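Quick notes on the structure that follows.
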Amino acid sequence: MSAYLKIDHIDKSFERGGVATHVLADITLTIDKGEFVSIIGHSGCGKSTLLNLVAGLTPVTAGAILLEGREVNEPGPERAVVFQNHSLLPWLSVYENVNLAVSKVFAGRKSRAERHTWVMHNLDLVQMAHAGDKRPAEISGGMKQRVGIARALAMEPKILLLDEPFGALDALTRAHLQDAVMDIHARLGNTMIMITHDVDEAVLLSDRIVMMTNGPAAHIGEVLDVPIPRPRDRIALASDRSYLRCRQAVLKFLYERHRFVEAAE
Amino acid sequence: MTATARKAAIEAAGRPAKSGKVVPLGRAPASGFDAGRTAASLARNVIPPVIVLLVLLAVWQVSCSGPGASLPPPSQIWTDSYDLIAYPFFEYGSQDIGLAWRVLISLERVGIGFGLAAVVGVAIGALIGQSVWAMRGLDPIFQILRTVPPLAWLPLSLAAFQDSNPSAIFVIFITSIWPVIINTAVGVRNIPEDYRNVARVLRLNQLEFFLRIMLPAAAPYIFTGLRIGVGLSWLAIVAAEMLTGGVGIGFFIWDAWNSSRLSDIIVALVYIGVTGFVLDKLVALLGRVVARTSAAA
Ligand SMILES: Nc1ncnc2c1ncn2[C@@H]1O[C@H](COP(=O)(O)OP(=O)(O)OP(=O)(O)O)[C@@H](O)[C@H]1O
Ligand SMILES: [Mg+2]
């Protein structure tokens, strides 16, 4: 079987005023259906850029991205994005934000009543059904992020792309949402790619962790398998041996090795 | 960014903050009608202007009561123009009608001219705001055109339309369209990249993007432009009617001047001022309503 998502020798540079910045160099990665992959790396190395390439929001400079054998060259609802800053439309209520996505994606495929049920079902998944009438300005940061996840899930995407979805949240809310995402992943079996800065988060949620070197011209430094059986429980894991080993490997990469990665090559 | 645009941007930036803590409308009346508080706030807002007005009228009365005064004092205006003040809706003939009718006739022209300017201005502004190059190329031209005084357009307009009524409407249109275009374009430029990305992931088409994202996101800017525009069109109509004739309020002033009815002119000025004030408040109110309910459908 060929890979579900194939990122094939990607290069990305931005050009501005004749000066090119080489951001990503020769990124190759294959992801299986249902897999949960985290991307971790220092700020500014190009994680968001990589995610935007997969989303189709920015074009690749060289190489190709294939989803189920078909080339990605524009954004679309089958690659739903949970944006770093939630990106809910402030003039729409929570319900309308999700409904905008549902009525666009399922136009002609679901009746009005079915679309309503589907919106409510997805709000239910993130425990936000009670706040359907609220505007984004009236709910907390964690709630907004949950609605952002509901909106993305409601598109029934092949791949869910999460750009530091819990970055701006306090530790407690973060833990709740991580559990929610793990639960959704277990129930729906979505393929997910998540960017994070948080080592514990990466180990807890991922099947594989992709570690990126520092830019410019960042590339994949190391890919770590996380051989911890699911369902995972954060308290039990705190003393789990393979959890600690994975955690240490990532920390080592980020805080020791990445400094002389360039020199070592 | 240009000065108007920047001012608009600042005003617009200030507005979402205010509407940010929009409390559901139903809640305020639910707290009960507090007669005392309402009366107090009414007093705060009404008493000072009334006092100032009385003082001004008194000063005017005293300073224009002398034998050599060139302007009539308020008491004389009251007696001279009592019919105009007391009966805004009289109709003695096709040329001899109350001031309220004249204002309404002028408002109809403004409605057509400004309505067209609003629709065309938002459409053009939306197109220009989408493209950096269109913005760079056209902005200086608009900045020059918007400073052309309304009356300077009139000869061209008369030459083009050969008739006074369409000419007056065109002058309103061409005077009020620039701030609408410029502010809409700035609003569209300032739509956060995130909203555009949401639209792209959902594959909204051009029309859906315009209705669902662009209009609500740029609404504060658009309404700033409309408010400036409606003020300008009211300026333009009075000036244009002075020259093109007809039965509007502008021509009334010109006519009164030609027959030396200074009192009538002053009464007409009050009508014009109050109408302009109401127009401005109406557009501002509409802007707030739209900000609160936009795209709720
Ligand atoms: N549109 C653009 N034009 C020019 N350069 C860009 C553009 N977008 C990103 N870059 C550059 O690409 C590099 C990577 O940016 P990116 O946002 O992908 O980093 P990141 O890893 O997501 O960082 P963070 O963890 O802080 O979010 C940065 O040096 C940035 O300046
Ligand atoms: Mg980023």
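Remember, predicted model here, so these are calculated numbers, not experimental data. Quick note: numbers below take in every heavy atom, side chains included, and nothing from hydrogens, waters or symmetry partners.
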In this structure, are over 12 heavy atoms from other groups packed under 6.0 Å from A/K6 atom NZ? no
Among A/N85, A/V81, A/N52, residue most engaged with chain B (heavy-atom pairs, under 4.5 Å): A/N85
About how many Å separate CG of A/L88 and CG of B/D194, when rounded to the nearest 0.5 Å? 10.5 Å
Is it the case that more than 12 heavy atoms not belonging to B/E108 sit under 6.0 Å from its CD atom? no
Rounded to the nearest 0.5 Å, the CZ atom of B/R212 sits from the CG atom of A/L92 at a distance of 6.5 Å
Between A/S93, A/A55, A/P77, which shows the greatest number of heavy-atom pairs under 4.5 Å with chain B? A/P77
Above 12 or not: heavy atoms from other molecules or residues under 6.0 Å from CG of A/D170? yes
From A/W91 atom CH2 to B/I213 atom CD1, the distance as rounded to the nearest 0.5 Å: 5.0 Å
Please check if the number of heavy atoms outside A/K110 that lie under 6.0 Å from its NZ is greater than 12. yes
Does atom CZ (B/F277) have a neighbourhood of more than 12 heavy atoms from anything else shown, all under 6.0 Å? no
Which residues from residues 149-157 of chain A are near chain B, with near meaning under 4.5 Å between non-hydrogen atoms? A/R151, A/M155
pair A/L57-B/V201: side-chain heavy atoms closer than 4.5 Å: yes
Measure distances from A/Q84 to the heavy atoms of chain B and classify the residue's part below 4.5 Å as side chain, backbone, both or neither. neither
Rounded to the nearest 0.5 Å, how far does CD of A/E74 lie from CZ of B/R203? 4.0 Å
